[in-house]
There are 2 protein chains.
Amino acid sequence: MNIGDVANRTGLPAKTIRYYEDIGLITPQRDLNGYRRFREQDLHKLTFLGRARALGFTIEDCRTLLALYEDQSRASADVKQVARDHLARIETKITDLIAMRDTLTELVDACAGDNRPDCPILRDLGGTD
Amino acid sequence: MNIGDVANRTGLPAKTIRYYEDIGLITPQRDLNGYRRFREQDLHKLTFLGRARALGFTIEDCRTLLALYEDQSRASADVKQVARDHLARIETKITDLIAMRDTLTELVDACAGDNRPDCPILRDLGGTD
DNA sequence: TCTTGACCTTCCCGTGACTGGAAGCCCCAT
DNA sequence: ATGGGGCTTCCAGTCACGGGAAGGTCAAGA
């Protein structure tokens with residue numbers, strides 16, 4: 001299978017697939033003409049990577065998870081730890097974003113949004129209290 | 001005032017302040033020895049930038065907001081629009097992150113986290129349904 | 001057989017908002 | 001004069017790709 005077919009079947013852009021090879025996440029074979037030749041195993045890995053990335057895991061997390069995935073003697077505790085760390089980072093991000101959202105919502109609500117210059121948003125940012 | 005004092009008073013790293021000058025957000029004067037000399041006006045702008053960045057506005061948003069801030073004849077509607085667009089982006093991010101969090105939480109909860117290899121997290125990622 | 005167009009290859013640059021570090025100048029105190 | 005801290009510029013790296021150029025390959029149609 002060529003990269004275009006793999007891109008179609010995995011939903012990953014060809015560029016991304018090449019990038020994943022560059023950084024050693026996958027190692028597809030090569031045809032005589034230099035084209036990458038993907039086997040089912042590669043497709044499977046790429047699907048794995050696509051899902052892990054969709055869950056927000058970093059590339060390095062993905063590398064770890066992929067290694068665990070392939071290691072039949074892994075301990076599920078190791079996988080769980082990676083996921084839990086990632087979950088904690090996500091929780092932090094959500095908390096931060098919600099704080100931003102709340103502040104912004106207040107400011108937006110307080111702003112008349114007309115053609116006059118007076119604006120609580122700018123007042124807050126400028127610290128003109 | 002030199003950059004170190006400004007960094008202390010604004011809480012922004014000196015590197016960041018230099019960067020903001022590089023990209024034209026501020027234009028401090030220079031002493032004869034080449035040192036940046038900051039006036040109150042610069043400090044005020046930097047504080048503004050610090051707050052706007054803390055609310056997650058992009059640098060380009062900040063550039064726009066700063067221009068509006070300095071424009072005495074602005075319409076508050078323009079400010080509000082920038083803030084509302086940003087708010088919408090934040091809401092989207094929050095939604096995405098919450099979806100990730102929920103999925104991850106389910107997976108983490110389902111994983112025994114012991115020394116056996118069986119793991120629902122990897123099963124899900126691998127799509128072995 | 002030739003050509004067209006879709007595919008594939010590598011390589012390099014750009015993204016956002018900085019951060020780290022090197023090399024070197026400046027200033028003040030001892 | 002020497003030491004230490006602060007300042008300067010410039011270059012490179014971050015993360016996970018995306019855009020685009022220059023060129024090789026392949027299958028189908030005229």
Side-chain angles (χ1 to χ4, degrees), chain A residues 1-39 42 45-46 48-66 85-86 89-90 92-93 96-97 100, chain B residues 1-38 42 45-46 48-66 82 85-86 89-90 92-93 96-97 100:
Chain A
M1 222 181 329
N2 284 345
I3 200 167
D5 306 311
V6 178
N8 279 334
R9 286 185 50 185
T10 61
L12 296 173
K15 278 268 184 187
T16 299
I17 297 170
R18 291 195 195 98
Y19 174 66
Y20 288 171
E21 185 190 12
D22 267 4
I23 63 174
L25 288 178
I26 53 168
T27 47
Q29 298 184 309
R30 295 287 179 144
D31 281 339
L32 290 178
N33 59 13
Y35 287 20
R36 289 169 183 81
R37 187 156 51 83
F38 295 85
R39 290 166 300 172
D42 299 313
K45 271 196 190 185
L46 286 168
F48 183 99
L49 289 170
R51 295 196 194 203
R53 291 287 300 131
L55 284 179
F57 284 105
T58 67
I59 289 286
E60 285 317 302
D61 283 342
C62 289
R63 198 187 297 279
T64 305
L65 289 171
L66 208 47
D85 290 351
H86 177 46
R89 286 193 300 268
I90 287 184
T92 303
K93 273 193 195 169
D96 292 351
L97 285 173
M100 286 182 195
Chain B
M1 223 178 333
N2 283 346
I3 199 167
D5 307 311
V6 178
N8 280 333
R9 286 185 51 184
T10 61
L12 297 171
K15 279 268 185 187
T16 298
I17 297 170
R18 289 194 197 99
Y19 173 66
Y20 287 171
E21 185 189 11
D22 267 4
I23 64 175
L25 288 178
I26 53 168
T27 48
Q29 297 185 311
R30 295 287 178 144
D31 280 340
L32 289 179
N33 60 12
Y35 286 20
R36 290 169 182 80
R37 187 155 51 82
F38 295 86
D42 300 312
K45 271 197 190 185
L46 286 168
F48 183 99
L49 289 169
R51 295 194 192 205
R53 292 288 299 131
L55 284 179
F57 284 105
T58 66
I59 288 287
E60 284 318 301
D61 283 342
C62 288
R63 198 187 297 280
T64 305
L65 289 172
L66 209 46
V82 173
D85 290 352
H86 177 45
R89 287 193 300 268
I90 287 184
T92 303
K93 272 193 195 171
D96 293 350
L97 285 173
M100 286 182 194

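So that the names make sense, note that chain A is the first sequence line, chain B the second, and so on, each numbered from 1. Treat the numbers as computed from the prediction; the structure is a model and nothing was measured.
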Audit row: A/Arg36, A/Asn2, side chain to side chain contact (heavy atoms under 4.5 Å, CB included) steps and yes/no | CA-CA 6 Å; A/Arg36 289 169 183 81; A/Asn2 284 345; over 6 Å; no
Contact state string [nucleotides 13-24 of chain D, B base, S sugar-phosphate only, - no protein heavy atom under 4.0 Å] | ---BBSBB---B
Please round to the nearest 0.5 Å and tell me the distance separating atom CZ of B/Phe57 and atom CG of B/Leu49.
-> 12.0 Å
What residues form a side chain to side chain contact (heavy atoms under 4.5 Å, CB included) with A/Asp85, not counting sequence neighbours?
-> A/Gln81, A/Arg89
State whether B/Arg36 places a side-chain N or O below 4.0 Å from either non-bridging phosphate oxygen (OP1 or OP2) of D/dT9.
-> yes
Provide, to the nearest angstrom, the distance between the CD atom belonging to B/Glu21 and the C1' atom belonging to D/dT8.
-> 11 Å
Give the intermediate values and the outcome of side chain to side chain contact (heavy atoms under 4.5 Å, CB included) for residues A/Phe38 and A/Ile3.
-> CA-CA 7 Å; A/Phe38 295 85; A/Ile3 200 167; 3.8 Å; yes
Drop me the distance from A/Thr92's OG1 to B/Leu97's CG, to the nearest 0.5 angstrom.
-> 11.0 Å
Looking at CG of A/Asp42 and OG1 of A/Thr10, how far apart are the two atoms once the value is rounded to the nearest 0.5 Å?
-> 11.0 Å
Polar side-chain atom of B/His86 near backbone of B/Leu55 as donor-acceptor pair, under 3.5 Å | yes
Give one of base, sugar-phosphate or nothing for B/Arg30, where a contact means two heavy atoms less than 4.0 Å apart.
-> sugar-phosphate
Kindly indicate, with the supporting measurements, whether the criterion side chain to side chain contact (heavy atoms under 4.5 Å, CB included) is fulfilled by A/Leu46 and A/Thr16.
-> CA-CA 10 Å; A/Leu46 286 168; A/Thr16 299; over 6 Å; no
How bent is the helix from C/dT1-D/dA30 to C/dT30-D/dA1, comparing axes over its five end pairs at each side, to the nearest 10°?
-> 40°
With a cut-off of 3.5 Å and sequence neighbours excluded, list every side-chain donor-acceptor pair involving residues 26-34 of chain A.
unit_1, atom_1, unit_2, atom_2, d
A/Gln29, OE1, A/Arg37, NH2, 3.4
A/Arg30, NH1, A/Gly34, O, 3.0
A/Arg30, NH2, A/Glu21, OE1, 3.3
A/Arg30, NH2, A/Glu21, OE2, 3.3
A/Asp31, OD1, A/Arg37, NE, 2.7
A/Asn33, OD1, A/Tyr35, N, 2.9

Residues in side chain to side chain donor-acceptor pair (under 3.5 Å) contact with B/Arg63, at least two apart in sequence or another chain = B/Glu60
Rounded to the Å, how far apart are B/Asp22 CG and D/dC11 P?
-> 12 Å
B/Arg18 has an atom CZ; how far is it from atom C1' of D/dC7, in whole Å?
-> 7 Å
Taking any atom under 4.0 angstrom from a heavy atom of chain B, which nucleotides of DNA chain C are the first and last to qualify, 5' to 3'?
-> C/dA17 to C/dC27
Give the intermediate values and the outcome of side chain to side chain contact (heavy atoms under 4.5 Å, CB included) for residues B/Arg9 and B/Met1.
-> CA-CA 10 Å; B/Arg9 286 185 51 184; B/Met1 223 178 333; 3.6 Å; yes
Would you mind classifying the nucleic acid contact of B/Ile3 as base, sugar-phosphate or nothing, using non-hydrogen atoms under 4.0 angstrom?
-> sugar-phosphate
